[in-house]
Amino acid sequence: MPPPDTKPLAERLAGLIAATGPISLAQFMAEANAHYYATRDPFGVDGDFITAPEISQMFGELAGLWLADLWSQAGAPANAHYVELGPGRGTLAEDALRAMRAVRFEPPIHLVETSPVLRANQASRLPTARWHDDLDSLPDSGPLFVVANEFFDALPIRQIRRGADGWHEIMVDHRDGAFVPVASGPPLDALVPEPLRDAPPGSVIETSPAVESAAGAMASRIARQGGAALIIDYGYEGLATGDTLQAVSRHGHADIFAEPGERDLTAHVNFSVIERIGRNAGLAVHGPIGQGDWLESLGIGARTAALAKAAPHRQAELIAARDRLTKADEMGDLFKAMALVAPDWPAPAAF
Ligand code: SAH
């Protein structure tokens with residue numbers, strides 16, 4: 001067996017480009033994010049960014065109640081599984097499962113996670129969980145209750161940009177010691193959806209084979225096995241142009257191409273793509289709706305009041321967390337919730 005490649009990622013990617021030419025943006029993003037998540041816990045005030053379950057326990061609890069409500073409406077199937085894609089620190093799962101336990105929904109836990117550092121973190125909160133590299137090894141029978149919060153935005157994207165002579169895929173080259181985006185090869189106009197073909201030069205269209213493949217695997221399992229998926233992320237709907245790729249470091253925007261593997265690279269999720277994949281698999285699709293509306297319908301107001309009553313010294317902190325999760329100028333509108341539900345299953349709450 002060859003020894004593992006221990007060269008820093010930037011050096012390895014530069015070597016690869018020198019040997020074979022520019023690499024796809026998707027490959028650059030996949031390698032950068034795999035390295036980024038494999039080598040750190042990026043969450044929290046001292047990290048690079050903060051996610052909804054890390055802001056307040058209420059987020060995971062309400063997600064858990066949403067799952068438990070659907071499970072009980074579906075006749076409380078005994079062989080159901082909890083599945084989370086990209087569970088981070090395991091905080092959402094811990095809060096959701098605690099809320100579910102209160103109504104006697106205690107399914108086995110399956111975590112799809114590639115980062116060894118985050119797996120260890122998750123194991124400290126969820127010692128009975130089983131881990132999976134991807135969706136292929138999930139159990140083949142029993143309804144799946146899938147949660148994915150800020151998972152799809154971390155998956156690699158492709159970009160096609162309109163130049164003077166048509167649309168070209170964006171590749172990543174290495175020039176004068178820096179990674180730079182470059183337009184590649186012959187124009188790809190035939191790949192561009194008709195209504196977007198005449199967008200002005202400089203326009204960018206994004207696609208994500210990785211999102212489509214994960215959503216496809218998820219949807220076909222739910223169609224076959226029953227259950228539902230709750231997807232929460234920032235994103236948009238419909239055919240659109242726009243460069244949404246961003247790098248985040250220390251709670252601020254950073255250069256996308258500098259220091260690959262040291263910043264979190266994300267792109268906005270196209271909910272219409274996941275919706276189409278869900279419908280093609282025969283699932284009912286609900287939403288997307290704003291995260292704020294979804295949490296309000298599930299009773300985040302009452303939950304905030306109940307927690308504040310039990311711990312009056314935490315009232316200001318609880319209200320600030322609720323506002324951050326729900327207000328339109330914070331996470332309430334940018335983040336969206338969407339549900340995919342198995343055929344002939346009951347309609348979920350709050351959509
Ligand atoms: N859901 C968590 C974490 C979001 S960050 C939260 O809301 O706090 C993205 C998560 O997806 C991390 O756990 C990361 O390690 C994981 N991840 C990223 N790419 C992945 C991939 N291709 N397969 C599995 N997990 C992945």
Side-chain angles (χ1 to χ4, degrees), residues 26-64 67 82-97 109-126 129-138 146-157 208-218 229-235 246-249 251 260-269 291 294-295 321 324-325 331 334-337:
Q27 182 177 358
F28 181 84
M29 188 173 170
E31 301 236 19
N33 273 354
H35 182 270
Y36 177 80
Y37 283 106
T39 50
R40 76 206 69 207
D41 172 338
F43 309 103
V45 195
D46 297 329
D48 286 335
F49 60 96
I50 191 154
T51 55
E54 302 299 332
I55 291 172
S56 170
Q57 70 188 76
M58 295 188 285
F59 186 81
E61 289 169 350
L62 292 169
L67 295 172
Y82 177 88
V83 176
E84 193 170 332
L85 311 181
R89 284 182 172 163
T91 309
L92 193 169
E94 188 180 33
D95 294 334
L97 289 156
I109 305 164
H110 298 269
L111 304 177
V112 177
E113 175 62 69
T114 40
S115 159
V117 171
L118 292 175
R119 279 188 182 200
N121 218 323
Q122 293 151 18
S124 68
R125 290 181 179 78
L126 307 158
R130 271 189 274 161
W131 281 267
H132 303 264
D133 291 330
D134 52 40
L135 288 88
D136 291 350
S137 54
L138 289 173
V146 183
V147 177
N149 186 61
E150 289 206 49
F151 168 72
F152 285 102
D153 67 62
L155 299 184
I157 58 160
S208 177
V211 165
E212 295 188 28
S213 135
M218 183 177 80
L230 173 65
I231 298 154
I232 301 175
D233 225 312
Y234 40 93
Q246 58 174 8
V248 167
S249 178
H251 303 270
E262 303 303 323
R263 290 127 195 236
D264 182 41
L265 298 183
T266 63
H268 287 208
V269 172
Q291 170 177 296
W294 184 73
L295 290 170
R324 190 152 174 206
L325 293 172
M331 295 173 77
L334 176 63
F335 282 77
K336 298 188 167 40

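Because the structure is predicted, anything quoted here is derived from the model rather than measured. Just so you know, ligand 1 is whichever comes first in the structure, and atom 1 is the first atom listed for that ligand.
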Which residue owns the protein heavy atom closest to [atom], what's the atom, and how far is it?
| atom | value |
| --- | --- |
| atom 8 (O) of ligand 1 | Thr51 OG1, 2.6 Å |
| atom 5 (S) of ligand 1 | Tyr37 OH, 3.5 Å |
| atom 7 (O) of ligand 1 | Asn149 ND2, 2.8 Å |
| atom 22 (N) of ligand 1 | Leu155 CD2, 3.6 Å |

- Task: Only one of Val112, Leu92, Leu230, Leu97 passes side-chain contact (heavy atoms from CB on, under 4.5 Å) with Glu84; say which it is.
- Result: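 That would be Leu92.
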- Message: Does either side chain, that of Tyr234 or that of Thr266, offer a donor lying less than 3.5 Å from an acceptor on the other one?
- Response: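 A donor-acceptor contact under 3.5 Å links the two side chains.
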- Task: Ignoring hydrogens and angles, state whether a donor on the side chain of Glu150 or Thr51 is under 3.5 Å from an acceptor on the partner side chain.
- Result: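 On atom types as modelled, these side chains do not qualify, holding no pair under 3.5 Å.
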- Message: Using side-chain heavy atoms (C-beta onward) and a distance below 4.5 Å, is Ile232 in contact with Lys336?
- Response: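 Sidechains of Lys336 and Ile232: no contact.
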- Item | Taking every non-hydrogen atom, the tightest pair across Asp233 and Phe152 |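 Where Asp233 meets Phe152 most closely, the heavy atoms are OD2-N, 3.3 Å.
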So is there a nitrogen or oxygen of [X] less than 3.5 Å from a nitrogen or oxygen in ligand 1?
| X | value |
| --- | --- |
| Gly88 | yes |
| Ser115 | no |
| Glu113 | yes |
| Glu150 | no |

Are the side chain of [X] and the backbone of [Y] linked by a donor-acceptor contact shorter than 3.5 Å?
| X | Y | result |
| --- | --- | --- |
| Ser56 | Phe59 | no |
| Arg89 | Gln122 | no |
| Asp41 | Phe43 | yes |

Interfacing atoms of ligand 1 (cut-off 4.0 Å, heavy-atom, [X]):
| X | answer |
| --- | --- |
| Pro53 | 6 (C), 7 (O), 8 (O) |
| Leu118 | 12 (C), 13 (O), 15 (O) |
| Pro87 | 2 (C), 13 (O) |

- Query: Looking only at non-hydrogen atoms, which of Ala214, Gly86, Ala154 approaches atom 2 (C) of ligand 1 most closely?
  - Reply: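 The nearest heavy atom belongs to Gly86.
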- Item | ligand 1 contacted by Leu92 (non-hydrogen, < 4.0 Å) |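 So Leu92 does not count as touching ligand 1.
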- Message: With a 4.0 Å cut-off on heavy atoms, is Thr114 in contact with ligand 1?
- Response: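 Judged by the 4.0 Å heavy-atom criterion, Thr114 does count as contacting ligand 1.
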- Salt-bridge present (Glu94, Arg125; N to O < 4.0 Å):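 Here Glu94 pairs with Arg125 in a salt bridge, since their nearest N and O are under 4.0 Å apart.
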